[in-house]
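Down below is the structure, laid out as structure tokens.
Position 1 is the first residue of the sequence; numbering continues from there. Counting starts at 1 for both ligands and their atoms, following the listed order. Fair warning: this is a prediction, and the values are worked out from it, not measured in the lab.
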Amino acid sequence: MDAVGNKNVSHILVTHTHPDHSPAATSLSEITSAPTYGFGKHPLAATKKSDDVDETQQDDLEDRGDTDFVPDVEIGNGDVIVGQGFTFEALHTPGHISNHLCFSLEEESTLFTGDHVMGWSTTVIPAPDGNLSHYLSNLRRLLERSEMIYRPTHGPAIENPLPFVNSLIEHREERTTQIIAAINREPKTVKELVNDIYSDVDESLHKAAGSSVYAHLLDLARIGVVSADPDFDINAEWRVK
Ligand SMILES: [Zn+2]
């Protein structure tokens with residue numbers, strides 16, 4: 001509210017319901033009387049940890065959700081929000097979370113990318129609501145667009161964003177190739193895969209790495225490339241079919 005000063009706030013746009021995003025919206029709405037706009041409530045699949053998921057493999061922050069948030073106005077892909085001097089287009093971009101929206105500000109050729117494209121690291125895809133196929137297809141959608149600058153919710157602004165998006169796609173594709181190669185030799189658990197693939201990465205990051213590897217495996221299982229024994233969960237042994 002200090003930053004807003006005496007300007008009029010007419011709309012509050014919410015990208016998604018992770019705990020570092022939507023929780024302030026409701027109190028800001030009460031102070032400003034501006035309605036909140038969002039895709040919808042926190043998805044059910046993202047609210048609970050499954051019992052058979054190894055807790056040490058979970059990314060704590062992205063696991064909890066803001067289950068209290070309900071947007072005043074539900075919006076979806078292609079919806080346009082016009083206000084005094086601005087035109088926003090909403091893009092539904094599931095992948096990181098199924099209720100994720102990006103917002104394109106026409107007047108400034110700017111895309112507010114939320115957590116879909118971040119300026120400081122790659123996006124976490126927490127299973128089961130996070131979906132790598134959706135994430136990748138929604139990255140590819142951005143390649144067809146013309147915004148000149150991205151303003152993510154974490155990290156600095158991204159100028160010349162298309163090469164940046166391309167490198168995110170390539171990074172995930174390389175990771176997929178690595179995972180297939182590793183379990184082609186012998187079946188492995190997520191933990192073993194992380195030890196293999198991320199051997200040069202600090203162990204404090206292995207939790208997040210595990211959730212990313214798991215997202216890749218679920219995606220490969222969906223298209224029939226890999227299978228898991230005994231069941232599709234994070235503690236299973238994964239093999240190439
Ligand atoms: Zn998030």
Taking 2.8 Å as the cut-off, does [X] contribute an N, O or S atom near the Zn ion (ligand 1), distance below it?
| X | answer |
| --- | --- |
| D115 | yes |
| H16 | yes |
| H18 | yes |

Looking at E89 and R145, is there a salt bridge between them, counting it only when a charged N and a carboxylate O are closer than 4.0 Å? yes

Any donor-acceptor pair under 3.5 Å linking the side chain of D72 with the backbone of T36? yes

Within the side chain of T15, is there an N or O that forms a donor-acceptor pair under 3.5 Å with the backbone of G114? no

So, is the end of the R175 side chain (NZ or CZ) under 6.0 Å from the ring centre of Y198 and within 45° of the ring's axis? yes

